[in-house]
There are 2 protein chains.
Amino acid sequence: MRGRLCDSYGVRRYFHPDPEDICLPEVLFALSDATRLGIAVDLSDGGERTAGELGGDIAKSTMTHHLKILREAGVLRVRSEGTRCYNSLRLADLESRFPGLVDQLLSSAARCGYTSADARR
Amino acid sequence: MRGRLCDSYGVRRYFHPDPEDICLPEVLFALSDATRLGIAVDLSDGGERTAGELGGDIAKSTMTHHLKILREAGVLRVRSEGTRCYNSLRLADLESRFPGLVDQLLSSAARCGYTSADARR
DNA sequence: CTCAATGTTCGGTAATCCTAGAACATTCAT
DNA sequence: ATGAATGTTCTAGGATTACCGAACATTGAG
């Protein structure tokens with residue numbers, strides 16, 4: 001029997017914290033990196049993006065790392081479909097947990113010019 | 001001549017970034033630690049606190065470290081008077097740079113129960 | 001089945017961070 | 001001058017982080 005690197009065969013399983021378990025310092029840490037902040041800004045239109053659409057020059061494994069930090073902090077949700085996985089902001093969950101915060105945060109970030117394009121430089 | 005550890009004799013000098021140099025990821029990082037977030041919440045009434053009033057059980061040198069991170073990110077201002085130094089939030093500067101953000105952030109943090117008392121447990 | 005596309009995991013390196021004890025600096029009170 | 005109070009700097013260990021290349025896993029297309 002060969003060893004397995006992934007922890008499941010069927011559809012890939014991702015950990016997402018329950019809404020009430022989303023904690024503020026962790027969210028702030030997740031967004032305290034310019035690349036990750038840019039990703040969040042890019043998704044703030046409510047849309048979905050694949051890792052490939054979000055990252056650019058950075059290595060795939062690095063992108064996985066950043067998306068994992070955002071996901072485990074409760075900022076992102078991932079939905080896998082075929083070979084792709086679509087990332088989107090957990091806007092409603094964040095809004096209910098930290099009313100008014102995420103909008104302010106992402107609009108400030110957008111005003112400051114952060115975009116996932118930052119990952120492409 | 002003996003070596004000196006401090007870089008000045010007269011009043012202690014602290015670095016404070018100019019308002020326009022305050023950058024969002026750095027602020028978010030500064031607030032992404034429960035101890036530091038608690039300190040910010042504690043100061044959100046606009047008052048001044050000394051390191052001793054803010055920290056509790058944690059070592060003085062650790063407190064200096066946290067206050068330095070907050071200060072260099074532009075979150076705090078330090079004013080030294082005698083043997084004490086009074087820390088206060090740079091509310092106006094933060095508000096002008098990130099309108100509406102700090103209020104939302106600190107009220108969310110307060111709602112979640114963060115206090116500088118966290119440093120005392 | 002085989003291949004290409006998309007991500008993940010692993011292993012490793014360099015950098016940064018958290019924490020704290022010890023020594024030092026500055027100021028004030030006596 | 002001496003000592004107490006307050007805070008900083010130095011040093012160091014342990015933990016975490018960012019980043020990437022290589023190998024692997026999963027899915028869909030041909």
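Quick note on labels: first sequence line is chain A, next is B, and so on, each numbered from 1.
When the side-chain nitrogen and oxygen atoms of A:T62 are compared with OP1 and OP2 of D:dC20, one or more of them lie within a distance under 4.0 Å. Residue B:Y14 places at least one side-chain N or O under 4.0 Å from the OP1 or OP2 atom of D:dT8.
The side chain of A:T50 approaches C:dG7 more closely than any other nucleotide in the set D:dG7, C:dG7, D:dT9. Side-chain proximity of B:R36 to C:dA20, C:dC18, C:dG7: nearest is C:dC18. For B:A59, counting side-chain heavy atoms from C-beta on, the closest listed nucleotide (C:dG21, D:dC19, C:dC18) is C:dG21. Proximity note for A:S61 (side chain, C-beta onward) versus D:dG7, C:dT8, D:dG21: the nearest is D:dG21.
Straight-line distance from the CG atom of A:L54 to the P atom of C:dT6: 14 Å, rounded to whole Å. Straight-line distance from the CZ atom of B:R79 to the C1' atom of D:dG7: 15 Å, rounded to whole Å. Per the geometry, CZ belonging to B:F29 stands 11 Å off P belonging to C:dT16, to the nearest Å. When rounded to the nearest whole Å, the span between NE2 of B:H65 and P of D:dT16 equals 15 Å. Atom CE in B:M63 sits about 18 Å away from atom C1' in C:dG21, given to the nearest Å. Rounded to a whole Å, the CG atom of A:L28 is 14 Å from the P atom of D:dT17. Remark: C1' of D:dG7 and CZ of B:R49 are 18 Å apart, rounded to the nearest angstrom. Rounded to whole angstrom, the span from the CZ atom of B:R71 across to the C1' atom of D:dG7 amounts to 12 Å.
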Next item on the list: Starting from the C-alpha separation in whole Å, work towards a yes-or-no answer on side-chain contact (heavy atoms from CB on, under 4.5 Å) for B:L106 and B:L89.
Entry: CA-CA 11 Å; B:L106 294 182; B:L89 284 185; 3.5 Å; yes
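None of B:L94, B:L24, B:V27 except one satisfies the side chain to side chain contact (heavy atoms under 4.5 Å, CB included) rule with B:L101; the exception is B:L24.
Taking 4.0 Å as the cut-off between side-chain N and carboxylate O, B:E20 and B:R97 do not count as a salt-bridged pair.
Each of B:K60 and A:H66 lies near DNA chain D, and the nucleotide nearest B:K60 is the one positioned closer to the 5' end.
DNA chain D is contacted by A:G82, A:T83 of residues 81-90 of chain A, taking any non-hydrogen atom closer than 4.0 Å.
Looking at heavy-atom distances under 4.0 Å, B:I69 makes contact with sugar-phosphate atoms alone, never a base.
A 4.5 Å side-chain heavy-atom check between B:D33 and B:I69 finds every atom pair outside the cut-off. For the pair A:P19 and A:R90, the minimum side-chain heavy-atom distance is below 4.5 Å.
At a threshold of 4.5 Å between side-chain heavy atoms, the hydrophobic network of Ile, Leu, Val, Met, Phe, Trp and Tyr places B:L67 and B:V78 in two separate groups.
Under a cutoff of 6.0 Å and an axis angle of 45°, A:R36 and A:F29 form a cation-pi pair.
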